[in-house]
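In what follows, a single structure is set out as structure tokens and then discussed.
Read the numbers this way: they start at 1 and go in the same order the structure lists the ligands and their atoms.
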Amino acid sequence: MREPADRYSSVAILLHWLIAGLLIGNIVIALTMDSAVLFQTHKSIGILVLLLTGVRLVWRLTHPWPALATSLGAWERMAARVTHFAFYVLLLVVPLLGWAAASTGRRGTGDLFGVIPWFDLPLGKSGELHDLTGEAHELAVYLTIALIVLHVAGALKHQFVDRDGTLRRMLPGR
Ligand code: HEM
Ligand code: HEM
């Protein structure tokens with residue numbers, strides 16, 4: 001089944017904003033966390049992002065993209081495609097690296113929000129691997145933040161400079 005030709009479907013919109021909110025919230029939590037409870041919340045929200053991205057990917061692959069707005073130039077199409085693809089990769093890589101870092105650390109991943117049973121990736125306990133995946137996790141997050149800045153700048157330019165209705169394609173309602 002195709003998405004409507006000129007806008008995203010309700011499911012795509014819901015997943016876009018849910019994941020965007022959880023992602024930004026988790027970055028804020030990560031940069032300010034100073035307690036075990038907040039750290040557990042960080043890991044749990046991250047796993048939630050991973051699971052939701054799985055759902056989103058399945059949705060994406062079974063419901064192809066709506067066509068990009070016809071008003072876009074060739075370089076804008078290219079920039080949008082590259083950015084969107086990179087987001088999907090990072091939305092998988094960031095939580096997976098975090099999960100690997102947690103799994104190889106002494107404390108392990110722990111239960112989601114302290115109540116939903118969860119498990120470690122079968123990587124064994126290793127200080128070296130913990131440091132490596134932890135560093136890579138942070139690096140991937142910084143790449144994600146740069147991408148968010150680009151993506152939001154693009155959205156705002158289309159909304160307020162081009163006024164071409166690009167943002168409306170990703171908002172609920174008509
Ligand atoms: C939405 C996904 C995620 C984002 C945006 C994110 C972001 C971050 C950031 C910014 C830091 C650095 C904090 C600092 O040192 O100041 C961090 C650290 C960490 N995160 Fe995540 N994270 C995500 C998912 C996860 C998941 C799923 C796990 C584990 C299940 C996890 C485990 C960790 C661990 C263990 C550290 C500390 C790494 C170290 O030892 O240096 N993260 N995360
Ligand atoms: C912060 C995390 C965000 C991520 C990871 C993200 C990711 C994505 C991805 C992957 C797409 C491609 C469509 C899809 O596959 O669903 C998309 C489209 C879009 N995003 Fe975001 N987004 C984020 C935040 C935002 C914000 C804050 C805005 C608005 C200010 C925004 C506005 C849009 C718009 C307007 C589109 C549709 C572009 C088109 O016409 O094809 N996004 N986003």
Practice item. Flag atom 28 (C) of ligand 1 as yes if some protein heavy-atom distance to it falls below 4.0 Å, otherwise no. Key: yes
Would you say [X] contacts ligand 2, with heavy atoms under 4.0 Å as the rule?
X: Tyr8; result: yes
X: Arg56; result: yes
X: Ile148; result: yes

Practice item. Give a yes or no answer on whether the side chain of Ser103 reaches the backbone of Asp120 with a donor-acceptor pair at less than 3.5 Å. Key: no
Point to revise | Check: Arg56 side chain, Tyr88 main-chain N or O, donor-acceptor pair, under 3.5 Å | key: no
Check your understanding: Closer than 4.0 angstrom: is that true for some heavy atom of Tyr142 and an atom of ligand 1?
Key -> no
Review point. Would a line drawn from the ring center of Trp118 to the ring center of Phe113 be shorter than 6.0 Å?
Key: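 Here the rings of Phe113 and Trp118 have centres that are no less than 6.0 Å from each other.
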Exercise for review: Taking the six-membered ring for Trp and the single ring otherwise, decide whether the centroids of Tyr8 and His16 are under 6.0 Å apart.
Suggested key: no
Check your understanding: Which protein N, O or S atoms sit under 2.8 Å from atom 21 (Fe) of ligand 2?
Key -> His16 NE2, His151 NE2
Practice item. Classify the contact between His130 and ligand 1 as side chain, backbone, both or neither, using a heavy-atom distance cut-off of under 4.0 Å. Key: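 The answer is the side chain of His130.
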Point to revise | Under 4.0 Å to a heavy atom of Ile47 - the qualifying atoms of ligand 1, by number | key: 27 (C), 30 (C)
Point to revise | Atoms in ligand 1 flagged as close to Leu23, the criterion being non-hydrogen separation under 4.0 Å | key: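 Result: 1 (C), 5 (C).
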**Study point:** Number of protein N, O or S atoms [distance to atom 21 (Fe) of ligand 1 under 2.8 Å]
**Key:** 2
